[in-house]
Amino acid sequence: MRRLYHLVQHAKTNDSESTKEIIHRFDPKIKQTSRFTGKFEREDLEQELRIRIVKAVDKFKTDDTPGFREFISHLSEQNSNQ
């Protein structure tokens with residue numbers, strides 16, 4: 001199973017299988033959110049949420065996301081400055 005970060009990187013290069021996998025991973029949350037909506041609006045809401053996920057993936061800047069070591073280093077610097 002590929003990590004979400006790698007799926008996003010691939011989806012940003014128009015890899016439709018990665019995009020499908022991302023949507024599939026979020027589908028339980030989409031279903032959970034839409035259950036509070038009326039029966040007739042549920043399908044529209046679920047589709048809108050999937051569209052928003054695709055748009056968010058497209059906007060996500062993978063180049064600006066630090067690696068794990070960079071993140072830990074940043075946390076250490078913050079703690080030492082306090």
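One is the number of the first residue; the rest follow in order along the sequence.
Leu49 meets the side-chain contact (heavy atoms from CB on, under 4.5 Å) test with Ile30, Thr33, Leu45; sequence neighbours excluded. Listed by chain and residue number, Glu48 satisfy the salt bridge (Lys or Arg N to Asp or Glu O under 4.0 Å) test with Arg52 (two or more places apart in sequence, or in another chain). The salt bridge (Lys or Arg N to Asp or Glu O under 4.0 Å) check on Asp15 picks up nothing, with sequence neighbours excluded. For Lys29, there are no salt bridge (Lys or Arg N to Asp or Glu O under 4.0 Å) partners two or more places apart in sequence or in a different chain. By the side-chain contact (heavy atoms from CB on, under 4.5 Å) test, Lys20 is found to be paired with Glu17, residues two or more places apart in sequence or in another chain being considered. Not counting sequence neighbours, Glu43 has no partner by the side-chain contact (heavy atoms from CB on, under 4.5 Å) test.
Note that the CD1 atom of Ile23 and the OG atom of Ser16 stand 10.5 Å from one another [nearest 0.5 Å]. The OG atom of Ser18 sits 12.5 Å away from atom NZ of Lys12, with the distance rounded to the nearest 0.5 Å. Rounding to the nearest 0.5 angstrom, the gap separating the CD atom in Glu41 from the CG atom in Asp44 is 7.5 Å. Rounded to the nearest 0.5 angstrom, Ile22 CD1 and His24 NE2 are separated by 12.5 Å. Gln9 CD to Leu4 CG: the interatomic distance, rounded to the nearest 0.5 Å, is 10.5 Å. Annotation: the span from Tyr5 atom OH to His10 atom NE2 amounts to 10.5 Å, rounded to 0.5 Å.
In this structure the side chain of Thr19 never reaches within 4.5 angstrom of the side chain of Val57, judged on heavy atoms. The shortest distance between side-chain heavy atoms of Ser73 and Glu77 falls below 4.5 Å.
Salt-bridge formation is not detected for the pair Glu46/Arg42: no Lys NZ or Arg NE/NH1/NH2 atom is positioned less than 4.0 Å from an Asp or Glu carboxylate oxygen.
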